[in-house]
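First up is the structure itself, then whatever we jot down about it.
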Amino acid sequence: MEFDLIDRIRRHTDVHRDDVLTGIGDDAAVVAVPTGRELAIAVDTLVEGVHFPVGTAPADIGWKALAVNLSDLAAMGATPAWALLALTLPTPDEAFVDGLARGFAELATPFRLALIGGDTTRGPLTVTVAVHGFTAPDGALLRSGARPGDVVMVTGTLGDAAAGLRCLAEADASPYAALVDRLNRPTPRVAAGQALRGVATACIDISDGLVADLGHICAESGVGADIDAAMLPRSAAMLAHFHDADALQFALGGGDDYELCFTVPADRAGDVAADLARLGCGAARIGRVVEGSGVRVTDTSGESVMLARTGWNHFAA
Ligand code: ADP
Ligand code: MG
């Protein structure tokens, strides 16, 4: 039964790479790391009811499980290569596995990401993906390089996923499809991350909320950040359905957007925005790095904006 499931997964995910010497089917995968490259490795677990709502379509779960991992590689400026998929399923549901593998493959194939192994067990629905990517020696984007005077920028728009989650509570969520789609099918900013190599002084992907994640850059870099609330990029879809105050809270504290937040020297900000625009990815200046610690958000009148909450904490009561 389990081997049948593994076979189904393999049939859906058929990216072939010369650097995969032994893929699915042996006790371990064997790969060849290209000479002169370093490996960036990340793993993330999605638990039903915690990281995705109960009732999420299997293909969306497969997509998202990979997307959150590719987003980690993007934040390092790495080029994706290989993945492992550990599936814990309550029942050996073939249709579910087909859907999940299809969603996974939809995202993996354009990146030429090969699924090289995994594990399949019984238990509460949980999907764990591990990814491996390449960086140039000492070329990875870290959280620790932000300097006072740098500009803080973000890709895309912020808050859509949190807004989408809120819309799922509605009896009919169909008018909010664009927002729900951002929750279920985040776009990992892989090309943007690669374009930021050698330019960004620090970078992180926004999984827990802007303030929480930019806070990590500040802590690792030993700096503070001043954010201008009016400059936060917010989608027309979110603004059409939510009041300004709610939209602002989603943009500041909502998790699951998987946009990149990064810092660049002030004289590079214009070039970076143009480079990312050429990749089809918006990039907005939202503030600057300052001496001190912590993230401060101010509105147009210079008042501090209070956060309803600073981000996801899966262990919070
Ligand atoms: P073992 O008992 O040696 O761990 P498994 O039966 O778990 O072997 O796995 C057999 C093969 O199938 C291995 O190559 C493993 O990497 C692969 N595999 C198992 N589950 C998955 C999965 N969910 N996705 C991809 N490959 C898988
Ligand atoms: Mg196993």
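Predicted, not measured: the structure shown is a model, and the values here were computed from it. First listed ligand is number 1; within each ligand, the first listed atom is number 1.
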Output the list of atoms in ligand 1 that are nearer than 4.0 Å to some heavy atom of Ile24, sorted by atom number. 12 (O), 14 (O), 17 (C), 25 (C), 26 (N)

Per-atom contacts of ligand 1 with Gly25, taking only distances under 4.0 Å to non-hydrogen atoms: 11 (C), 13 (C), 14 (O)

May I ask you to check whether Leu115 has an N/O atom sitting below 3.5 Å from an N/O atom of ligand 1? no

Out of all atoms in ligand 1, which are within 4.0 Å of some heavy atom of Asp27? Include the element for each. 3 (O)

How does Ile6 reach ligand 1, if at all, at less than 4.0 Å between non-hydrogen atoms: by side chain, backbone, both, or neither? side chain

Provide the number and element of each atom of ligand 1 under 4.0 Å from a heavy atom of Gly117. 16 (O), 24 (N), 25 (C), 26 (N), 27 (C)

Within-cut-off N or O pair, Ile9 and ligand 1, under 3.5 Å: no

Residues Ser207 and Asp205: side-chain donor-acceptor under 3.5 angstrom: no

Hey, do the aromatic rings of Phe52 and Trp63 have their centres closer than 6.0 Å? no

Please list all pairs meeting side-chain hydrogen bond (donor to acceptor under 3.5 Å, both in side chains) that have one or both residues in residues 28-40, counting only residues at least two apart or in different chains. none

Angle between ring planes, Phe242 versus Phe250, binned at 30° and 60°: parallel, tilted or perpendicular? perpendicular

Going by the rule ring-ring contact (aromatic ring centres under 6.0 Å, His included), which residues pair with Tyr176 if we only count those two or more places apart in sequence or in a different chain? His241

Is there a donor in the side chain of Thr157 and an acceptor in the side chain of Ser235, or the other way round, less than 3.5 Å apart? no

For the 3.5 Å polar cut-off, considering only N or O atoms, please tell me whether Gly118 and ligand 1 meet it. yes

